[in-house]
Amino acid sequence: MQSYWRLHRYPILFAFVSILFYSAFAYDLVRTDYIKLFMLFGALFYLCTKIIQFEKWNFKFLFVAGILFRLVFLVAVPNLSQDFYRFIWDGELIKNGINPYLFTPDQILEKGDIIIANMQELRNGMSDLNARHFSNYPPVNQLFFAFAALMGGGSIFGSLVVMRLLIILADICIVFWGRKLLQNLNLSSHMVFWYFLNPLVIIELTGNLHFEGVMLFFFVAAMYVISKNRWIWATPLYAASIMIKLVPVLFLPMLLKYFGFKKSALFYILVGVFSLVLLLPFYASVFIDNFSETVGLWFSNFEFNASIYNVVKKIAVTHYEAKPWELIKSYGSLIAKLAIGIFLLLALLRKNNTLQASITSMLLALTLYYFMSSTVHPWYVVFLLGISIFTNYRFPLVWSFAVILSYYAYSNPDYKESLPLLAIEYILVMGYFIYEILSNAPNKLYFFKK
């Protein structure tokens, strides 16, 4: 016992301090207190780095530490996001046999003939913007909401805990499937802990109940099955990933060269069929209009933590007297087309002859889209981080720290962003991104060695 303590005393102390800091984050932090938020997050990121450096080959230690860090949040109410109120609202609707894509929360309250558990508290908890629009969460995500509402027994707190346990379970599965995929790609299996112990992942997924990790689990599972040359069995997993957050649908062209034309065509058809099967229980005549209207808002109405868009906006408004509300609609429409072009170009021009090369193209394409996007919430970076461990690129790890600068907006009642802080964030991220693109050895830094 003494020898074990002597060998592992620093990682044990770092893990213990991390638990204290996560407890402060979960139960003693108001999101308007940016200084405290930044200091806690920065300290946790440093501790995460040191723990992995000391114990990167000690699977049990890192795995148990990651679970303990998550369990700290088990009974905490999310303090950086209100989205969970809408998750539970949609789940309660499904539990009561109501399609969540047919009515906005405000419409249901106005009608007065639909009653669900805690409806007024849930409506008050979600943002006004959320309550005015139809649900934009795909069908499989809705099933998780419904399961949480059912198991929660009509309690907001109960539903919250169930969702948290589902998200933790997904992260645990990522560790096991991710390690197997890393081994099949001849990469170091400990790289999965750069995801599993990352403070952004723990805080935004387990803490704030975002489902990027669940989407990532199905995606990683599909990639693992593909790596075992059982690509047909990967199609329902890939479809489930799409039906949680839609993002993986953009990656389908990246598999064209890896599979070849005939296999790709069959893979796309099967993924489409399974996606339709998952969609059918929610289909209604107005579904497509309502869903696409809400999804379209992300391209034409919202702006948060943007990089290139903020530069374009500053120039357009200052020098050309452009109207911001008109600019974002035009910009959103243009970026949607540019994004499709970038994904297709990377699919056709890069040598995606191996699975790792295909995943690398997915990473680069999604990164370029986020650089152009007008909305990049912190939890969006989680998926980039998750797929980056299967490549030779580590800039998403830098971004998972630098994105804390965008949280400054939460310290203001009107969510006003600090452009200088966003500039620092993107200089760090884009700078390291360019360095890795130009470098033949992107893992030179000690922190990011395989």
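- Proximity of L256 to N352: side-chain heavy atoms (C-beta onward) are nowhere separated by under 4.5 Å.
- The number of heavy-atom neighbours closer than 6.0 Å to OH of Y27, taken from other residues, nucleotides and ligands shown, is above 12.
- Under a 3.5 Å cut-off, the side chain of T104 and the backbone N or O of F134 do not form any donor-acceptor pair.
- Contact detail for L181 and L355: the closest heavy-atom pair is CD1-CD2, 4.3 Å.
- Proximity of L405 to L422: side-chain heavy atoms (C-beta onward) are nowhere separated by under 4.5 Å.
- The distance from atom CD1 of I359 to atom CE of M223, rounded to the nearest 0.5 Å, is 6.0 Å.
- Remark: R86 fails to qualify as a cation-pi partner of F145 under the 6.0 Å distance and 45° angle criteria applied to the six-membered ring.
- Ion pairing between D128 and R123 holds under the 4.0 Å rule for side-chain N and carboxylate O.
- Judged purely by atom type and a 3.5 angstrom limit, E303 has no side-chain atom pairing as donor or acceptor with the backbone of S374.
- Ring geometry for F267 versus F259: interplanar angle of 30 to 60°, hence tilted.
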> Under the side-chain contact (heavy atoms from CB on, under 4.5 Å) criterion, do R132 and D106 qualify, and how do the steps go?
Replying inline: CA-CA 6 Å; R132 291 198 304 267; D106 282 350; 3.6 Å; yes
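- Here the side chains of V75 and F157 are in contact, with some heavy-atom distance below 4.5 Å.
- For K257, there are no salt bridge (charged side-chain N to carboxylate O under 4.0 Å, His left out) partners, not counting sequence neighbours.
- The aromatic rings of F251 and F383 sit parallel to each other, their planes meeting at less than 30°, with 60° as the upper class boundary.
- Ring to ring, Y435 and F395 are not that close: their centroids are 6.0 angstrom or more apart.
- Separation of atoms CZ (R31) and CG (L37) is listed at 10.5 Å; rounding is to 0.5 Å.
- Residue P199 comes nearest to Y22 through the heavy atom pair CA-OH, 3.3 Å, listed as atom of the first residue, atom of the second, then distance.
- N198 places a side-chain N or O within 3.5 Å of a backbone atom of L200 that can act as its donor or acceptor partner.
- Closest approach of H190 to K56, counting heavy atoms only: CB-O, 3.0 Å.
- Put simply, the side chain of Q142 does not reach to within 4.5 Å of the side chain of L278, judged on heavy atoms.
- Distance alone, capped at 3.5 Å, is enough to place a donor-acceptor pair between the S358 side chain and the M254 backbone.
- The side-chain heavy atoms of S18 and L44, taken from C-beta on, include a pair separated by under 4.5 Å.
- For the pair N79 (side chain) and F25 (backbone), a donor-acceptor distance under 3.5 Å is present.
- Between F63 and F176, a ring centre-to-centre spacing shorter than 6.0 Å is recorded.
- A side-chain donor from one of Y195 and D171 sits under 3.5 Å from a side-chain acceptor of the other.
- For the atom pair L346 CG and T360 OG1, the distance stands at 11.0 Å (nearest 0.5 Å).
- N99 places a side-chain N or O within 3.5 Å of a backbone atom of F282 that can act as its donor or acceptor partner.
- Distance check, rounded to the nearest 0.5 Å: OH of Y85 to OG of S81 gives 10.0 Å.
- Going from atom CG of L102 over to atom CG of L93 covers 9.5 Å, rounded to the nearest 0.5 Å.
- Taking each heavy atom of P78 and N208 in turn, the nearest pair found is CB-OD1, 3.7 Å.
- Within a 6.0 Å sphere centred on CE of M151, heavy atoms belonging to other residues, nucleotides or ligands number 12 at most.
- E55 places no side-chain N or O within 3.5 Å of a backbone atom of L62 that could act as its donor or acceptor partner.
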>> Between Y393 and I437, does the side-chain contact (heavy atoms from CB on, under 4.5 Å) criterion hold? Intermediate values first, please.
In response: CA-CA 8 Å; Y393 288 92; I437 291 291; 3.8 Å; yes
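- Ring centers of F371 and F433: under 6.0 Å apart, within the cut-off.
- Two rings, from W399 and Y426, have their centers less than 6.0 Å apart.
- Contact between A240 and F218 at its shortest, heavy atoms only, is CB-CD2, 3.7 Å.
- At a cut-off of 3.5 Å, with distance as the only test, no side-chain donor of K180 or Q183 sits close to an acceptor on the other residue.
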> So F219 and I242, side-chain contact (heavy atoms from CB on, under 4.5 Å) or not? Walk me through it.
Replying inline: CA-CA 8 Å; F219 177 81; I242 292 173; over 6 Å; no
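- Under a 3.5 Å cut-off, the side chain of N118 and the backbone N or O of G154 do form a donor-acceptor pair.
- Ring geometry for Y407 versus Y410: interplanar angle over 60°, hence perpendicular rather than tilted (30 to 60°).
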>> Applying side-chain contact (heavy atoms from CB on, under 4.5 Å) to K111 and F103, what does each step give before you reach the verdict?
In response: CA-CA 10 Å; K111 285 166 64 71; F103 308 101; 4.1 Å; yes
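- Atom-to-atom distance recorded for L421:CG and I404:CD1 is 11.0 Å, nearest 0.5 angstrom.
- Side chains of N184 and S227: a donor-acceptor N/O pair is present below 3.5 angstrom, by distance only.
- Using a 4.5 Å heavy-atom cutoff, the side chains of M126 and I88 are not in contact.
- Nearest approach of F45 to S400, heavy atoms of both residues: CE1-OG, 3.4 Å.
- F144 and F147 have their aromatic ring centers separated by at least 6.0 angstrom.
- At least one side-chain heavy atom of L165 sits less than 4.5 Å from a side-chain heavy atom of L74.
- In this structure, F61 has its ring center at least 6.0 angstrom away from the ring center of F54.
- Considering F84, F87, F211 as possible partners of Y137, the one that fulfils the ring-ring contact (aromatic ring centres under 6.0 Å, His included) test is F87.
- Using a 4.5 Å heavy-atom threshold, the side chains of I51 and F69 count as touching.
- Side chain of R164 to main chain of G207: a donor-acceptor pair is present (N/O by atom type, distance under 3.5 Å, no hydrogens or angles).
- Shown here is Y408, whose OH atom has no more than 12 heavy atoms of other residues, nucleotides or ligands within 6.0 Å.
- Distance alone, capped at 3.5 Å, places no donor-acceptor pair between the D83 side chain and the N130 backbone.
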